[in-house]
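Note that these values count all heavy atoms, side chains included, but never hydrogens, waters or copies made by symmetry. Numbering of ligands and ligand atoms starts at 1, following listing order.
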Amino acid sequence: MNSESQTDAAETKRWLDALEVVLQSALKDHAAERAPLLFDKLVTRLRDSGLPLPHAVSTPYLNTMPVEKQPPYPGDWQTEVRIKSYIRWNAMAMVVNANRRHSGLGGHISTYASCATLYEVGFNHFFRAAHGDFPGDFVFFQGHASPGNYARAYLERRLDERHLQNFRQELAEGGGLSSYPHPYLMPDFWQFPTVSMGLGPIVSIYTARFNRYLRARGFQEGDEPKIWCFVGDGETDEPETLGALSLAGRENLDTLIWVVNCNLQRLDGPVRGNGKIIQELEAVFRGAGWNVIKLIWGSDWDALLAKDAKGLLVKRMEEAVDGDYQKYSVEPGSYTRKHFFGKYPELLEMVNHLTDDQIHRLMRGGHDTRKVYAAYKAAVEHAGQPTVILAKTVKGYGLGEAGEGRNITHQQKKLNEKELREFRERFRIPISDDVIAETPFYRPPPDSPETKYLLERRKALGGFLPARKACAKPLPVPDRKFFGEFLHGSDRFSVSTTMAFVKLLTNLLRHPEIGRRIVPIIPDEARTFGMDALFRQIGIYSPKGQLYEPVDRESLLYYHEAKDGQILEEGITEAGAMSEFIAAGTAYANHGLHMVPFFIYYSMFGFQRVGDLMWLAGDIKA
Ligand SMILES: Cc1ncc(C[n+]2csc(CCOP(=O)(O)OP(=O)(O)O)c2C)c(N)n1
Ligand SMILES: [Mg+2]
């Protein structure tokens with residue numbers, strides 16, 4: 001180091017010390033917001049001076065929540081771990097059994113293995129079922145993790161062994177279970193189809209928006225449902241997944257919580273082998289106005305990070321790419337010691353007290369019950385923005401050599417006897433040697449502490465989930481006379497179908513009983529169809545109302561936005577409009593309330609864009 005840079009370093013230290021003084025005094029006065037304020041002013045001043053500043057869209061590769069802010073765990077986590085282990089086993093056994101009997105039947109083991117903790121913390125502490133007037137939280141589960149949902153319903157005694165034996169065989173005697181969440185096939189169970197990647201995420205955003213619309217128009221009141229959406233990290237490559245993020249940010253949809261299961265892998269291989277999916281997503285979500293909670297490291301890392309005075313560990317965490325992290329999950333601890341910690345002698349020393357096995361088991365955030373709880377609690381309490389939790393996990397967690405972290409894991413459907421024994425040992429499943437090869441299901445008895453705990457938790461949260469109950473009161477159907485003018489023809493005048501439709505819609509909007517239930521949804525084409533008169537009549541829904549004077553205010557057909565507007569003007573997004581159509585068309589099941597959506601689009605573009613969403617609309621029984 002030359003003398004000049006020594007001076008620089010000393011000066012930097014003085015500045016940092018000064019900032020530390022501000023921070024400490026702000027914390028002492030319980031005025032922690034003062035430090036960021038000062039920092040903001042500093043940045044503004046620097047920007048005014050024309051200096052190129054770094055873009056602050058991503059933060060270091062660390063957990064967003066500091067250890068000190070982690071709340072105590074409210075549950076009996078040891079019992080919860082046992083419950084989770086049984087669910088893991090049964091989810092695996094379903095797929096293995098089904099494929100042993102019918103080779104090629106399919107199904108997935110490794111997705112649920114990676115998100116079991118993310119689900120279980122939700123089930124035990126957060127997901128509220130419908131009860132009384134409360135419609136329940138809306139939970140979009142990751143489609144390929146369905147064996148985990150079925151295995152839990154088996155422990156809850158909503159399903160029995162026969163159902164599990166008939167996984168993917170709905171037509172088998174006594175009924176079976178659909179491969180994925182399909183309300184059409186299991187109309188009392190599944191609420192939201194999610195398996196065509198990207199559609200669950202975009203529908204969840206528009207569902208949150210539609211729930212606000214229902215409140216603004218006086219159809220709903222009381223506690224607001226949360227909308228949880230579990231998303232695969234590979235799934236974020238679908239344009240539908242990220243395409244509507246900014247809408248959720250702009251409209252402050254703080255009922256929306258996404259959990260991205262960042263197991264770093266998709267079907268064929270790594271999602272971002274040469275980069276970091278969590279860092280990339282953080283920037284995207286932050287830019288779109290979301291609250292981002294990164295959940296990367298489990299509690300085992302806390303002590304190591306506390307010792308990392310020089311920031312070497314963080315540096316190493318940032319250097320390693322996702323392809324490296326995948327490798328660390330597959331190789332023994334000795335490999336991680338040598339290649340991850342071994343890069344810097346001081347880091348190597350830091351883990352001297354740990355055995356190879358302990359190093360291998362240094363947990364990732366998404367598998368750490370307490371940290372998942374802390375992240376969920378922060379998400380539920382966050383106001384003003386939607387939240388995304390980026391949770392780092394291992395794909396095929398617990399499968400060991402049968403697939404943990406391996407590229408083939410997504411397609412793994414068989415385990416040999418040795419692998420089954422290892423699985424049993426690791427998760428302490430009480431199944432004896434003589435039957436293990438048959439992969440029997442395991443369910444603790446009704447009076448066991450596990451069953452009692454599980455049922456008590458669900459009772460406290462209002463009941464079981466997922467569950468679909470369609471109990472809306474039917475609407476009156478307008479009688480034939482109401483449509484009289486359309487049955488007579490138009491005499492001498494020629495009328496286009498579009499004109500006739502618009503007249504019909506206008507009449508329906510005026511109908512005394514169903515008029516209010518009509519939901520016209522238009523992706524920016526109302527003027528083309530001659531529907532602009534509706535702007536003024538029923539208004540365009542906007543949570544902010546109209547903060548400006550519209551340029552055409554003097555005209556009859558002015559662009560009128562209102563907090564209780566009835567039209568949903570989605571802008572140029574057929575996929576968004578179709579998602580809103582689905583949300584409105586399922587209000588009868590999700591809110592016990594019939595709404596009648598019309599999606600009006602320009603056929604030349606619209607149809608091709610939304611074919612898959614239309615299929616979903618059928619599946620969800622919109
Ligand atoms: C639109 C669409 N394309 C392809 C598939 C097939 N598919 C099923 S799972 C999967 C990989 C999913 O990876 P990721 O989203 O990371 O989920 P993970 O299983 O890793 O949690 C693919 C490509 C699909 N279901 N939907
Ligand atoms: Mg993945």
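- Stacking of Lys392 on the aromatic ring of Tyr325 is recorded, both the 6.0 Å distance cut-off and the 45° axial limit being met.
- His410 and His108 have tilted rings, their planes meeting at an angle from 30° to 60° on a 0 to 90° scale.
- The aromatic rings of Tyr180 and His182 sit perpendicular, their planes meeting at an angle over 60°, well past the 30° parallel limit.
- Between Phe599 and Phe581, the angle of the ring planes lies from 30° to 60°, which puts this pair in the tilted group.
- In this structure, the ring of Phe340 has its center no less than 6.0 angstrom from the ring center of Tyr335.
- Separation of atoms CD (Gln385) and CG (Leu253) is listed at 11.5 Å; rounding is to 0.5 Å.
- Of the residues Trp228, Tyr119, Phe138, the one that meets the ring pair (Phe, Tyr, Trp, His ring centres under 6.0 Å) test with Phe127 is Trp228.
- Ligand 1 is surrounded by Thr111, Gln142, His144, Val195, Ser196, Met197, Gly232, Asp233, Gly234, Glu235, Glu238, Asn261, Asn263, Gln265, Arg266, Leu267, Lys395, His410, each with at least one heavy atom closer than 4.0 Å.
- Ring geometry for Phe341 versus Trp301: interplanar angle under 30°, hence parallel rather than tilted (30 to 60°).
- Distance check: Trp258 CH2 to Trp290 CH2 gives 4.5 Å after rounding to the nearest 0.5 Å.
- Note on the Mg ion (ligand 2): protein N/O/S atoms under 2.8 Å are Asp233 OD1, Asn263 OD1, Gln265 O.
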